[in-house]
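No experiment lies behind these values; they were computed from the predicted model shown.
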Amino acid sequence: VNSKLCSSYAWDTALKFIETKYPTYSTNSTQGNYLDKSAQLGKPAKTGVTEAVNNIYDMGGNTWEWTTETFNRDTSFGTFRGCGCYDSSNSGSAAFRGFQYTSRVTNDLSFRITLYL
């Protein structure tokens, strides 16, 4: 078994898989732990607390997630995907792509791994 930080390619592939069941998931999700959708009221939820879609949790809410993609080939900036729990479901979607200094620390920015079996 091997694993690594999720790439933007793997992120987009997971979204396409989810969209086989929910066609608008990546652009207009009502799933996930958003500030306006959750009993957690703006706090990151533990994995599995929110509803899974095709057995995948929180692609469009809960925490922003780092990917291996760099921004403009500058390694001091990284790319994150999804949306955080402090954001409303209207402010971002599962397909959202943003960038930030890789040294940024906050409680709504995390990571997801890709597992190869």
Evaluation steps, side-chain contact (heavy atoms from CB on, under 4.5 Å), between R112 and I56: CA-CA 11 Å; R112 187 178 299 247; I56 300 173; 3.7 Å; yes
Which distance, rounded to the nearest 0.5 Å, do you find between the [atom1] of [X] and the [atom2] of [Y]?
| X | Y | atom1 | atom2 | result |
| --- | --- | --- | --- | --- |
| K16 | S26 | NZ | OG | 9.0 Å |
| T106 | Q100 | OG1 | CD | 9.5 Å |
| T20 | I18 | OG1 | CD1 | 8.5 Å |

Would you please name every residue forming a side chain to side chain contact (heavy atoms under 4.5 Å, CB included) with [X], sequence neighbours left out?
| X | result |
| --- | --- |
| S7 | Y9, A10, T68 |
| T102 | none |
| S110 | T63 |

Ring geometry between W64 and F80 (parallel below 30°, tilted from 30 to 60°, perpendicular above 60°):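 Rings of F80 and W64: perpendicular, as their planes differ by over 60°.
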Single-linkage hydrophobic cluster, 4.5 Å side-chain cutoff, M59 and F96 together: no
Under the ring-ring contact (aromatic ring centres under 6.0 Å, His included) test, residues paired with Y101 that sit two or more places apart: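 For Y101, the residues satisfying ring-ring contact (aromatic ring centres under 6.0 Å, His included) (neighbours in sequence not counted) are F77.
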W11: ring-ring contact (aromatic ring centres under 6.0 Å, His included) partners, not counting sequence neighbours: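 With sequence neighbours excluded, W11 shows a ring-ring contact (aromatic ring centres under 6.0 Å, His included) to no residue whatsoever.
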With T67 via side chain to side chain donor-acceptor pair (under 3.5 Å) - residues at least two apart: S8
By side chain to side chain donor-acceptor pair (under 3.5 Å) - contacts of S3 (at least two apart): none
Which atom of C6 lies closest to which atom of T114, heavy atoms considered: CA-OG1, 3.3 Å
Where W66 and L5 come nearest, the two heavy atoms and their spacing: O-CD1, 3.9 Å
side-chain contact (heavy atoms from CB on, under 4.5 Å) evaluation trace for E69 with F99: CA-CA 9 Å; E69 181 181 359; F99 66 93; over 6 Å; no
Inter- and intrachain pairs under salt bridge (charged side-chain N to carboxylate O under 4.0 Å, His left out), touching residues 75-85, at least two apart: D12-R81
Set of residues satisfying salt bridge (Lys or Arg N to Asp or Glu O under 4.0 Å) with respect to E19, sequence neighbours excluded: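 E19: no salt bridge (Lys or Arg N to Asp or Glu O under 4.0 Å) contacts found.
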